[in-house]
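Residue indices begin at 1 and follow the sequence shown.
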Amino acid sequence: KKKAPKAIKAIKEFASKAMGTKDVRIDTKLNKHVWATGVRKVPTRVRVRLTRKRNEDEEAEEKLYTLAQLVEVSSFKGLTTETVDTA
């Protein structure tokens, strides 16, 4: 019934599997994009950029967390997964 919370949970689950961290944080722009048309009418597809970052908090259980950000694209045709290494 309430699709927007399920969509956020699905994004978090996907990010957790893809990046291998339990701590997943959703960027405010991505959250607003999912909730923009209301709780029931969520966007069918969303382009997401996932970045693994070091946790600043000393008492955190995990050393790394994943940040999910919105990438605005004109169309979803021909998009592939891109892996970028910034060392």
Side-chain angles (χ1 to χ4, degrees):
K1 193 104 186 186
K2 307 295 185 209
K3 294 179 181 176
K6 283 185 183 177
I8 295 293
K9 286 175 190 168
I11 292 170
K12 283 188 174 187
E13 186 179 324
F14 169 77
S16 176
K17 282 183 183 176
M19 301 300 273
T21 60
K22 290 181 183 174
D23 188 7
V24 178
R25 300 176 190 178
I26 303 290
D27 189 44
T28 54
K29 284 186 179 180
L30 176 60
N31 192 40
K32 284 184 179 176
H33 181 76
V34 171
W35 283 88
T37 52
V39 72
R40 291 189 185 157
K41 295 185 174 99
V42 295
T44 53
R45 291 187 184 185
V46 176
R47 180 78 165 170
V48 177
R49 176 180 291 122
L50 301 175
T51 51
R52 194 181 296 120
K53 295 193 172 188
R54 194 162 302 283
N55 217 337
E56 308 290 312
D57 191 19
E58 298 290 324
E59 297 93 37
E61 296 172 11
E62 291 195 31
K63 294 180 181 175
L64 300 171
Y65 70 92
T66 302
L67 179 65
Q69 296 173 309
L70 174 68
V71 179
E72 294 182 13
V73 291
S74 55
S75 74
F76 291 96
K77 303 271 187 201
L79 291 177
T80 59
T81 303
E82 300 171 4
T83 305
V84 180
D85 287 330
T86 54

For the atom pair [atom1] ([X]) and [atom2] ([Y]), what is the distance rounded to the nearest 0.5 Å?
X	Y	atom1	atom2	result
Asn55	Tyr65	CG	OH	7.0 Å
Lys63	Asp23	NZ	CG	15.0 Å
Thr28	Gln69	OG1	CD	9.5 Å

### Enclosure of Arg47 CZ (heavy-atom neighbours >12, cutoff 6.0 Å)
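Yes - once you tally the heavy atoms of other residues, nucleotides and ligands closer than 6.0 Å, there are more than 12.
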
Check: Side chain of Glu62, backbone of Lys22: donor and acceptor closer than 3.5 Å?
Finding: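 Yes.
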
Check whether any side-chain N or O of Thr66 sits under 3.5 Å from a backbone N or O of Thr51 as a donor-acceptor pair, and report yes or no.
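Judged by distance alone, no pair lies under 3.5 Å.
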
Can you list every pair that meets salt bridge (charged side-chain N to carboxylate O under 4.0 Å, His left out) and has a residue in residues 66-84, with sequence neighbours left out?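 Residue pairs with at least one partner in residues 66-84: there are none.
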
Exercise for the section: Work out which heavy atom in Ala4 is nearest to a heavy atom in Gly38; give both atom names and the distance. Expected result: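 Closest pair (atom of Ala4, atom of Gly38, distance): CB-O, 4.3 Å.
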
Legend entry - NZ/NE/NH1/NH2 to OD/OE distance under 4.0 Å, Glu13 and Lys9: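 Salt bridge between Glu13 and Lys9, a charged N being under 4.0 Å from a carboxylate O: no.
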
Inset, instruction - Could you check Leu64 against Lys53 for side chain to side chain contact (heavy atoms under 4.5 Å, CB included), going step by step and ending with a plain yes or no? - result: CA-CA 6 Å; Leu64 300 171; Lys53 295 193 172 188; over 6 Å; no

| Other than Val34, which residues form its hydrophobic cluster under the rule that side-chain heavy atoms must be closer than 4.5 Å? |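 Hydrophobic cluster check, Val34: joined to Ile8, Ile11, Phe14, Met19, Ile26, Leu30, Trp35, Val39, Val42, Val46, Val48, Leu50, Leu70.
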
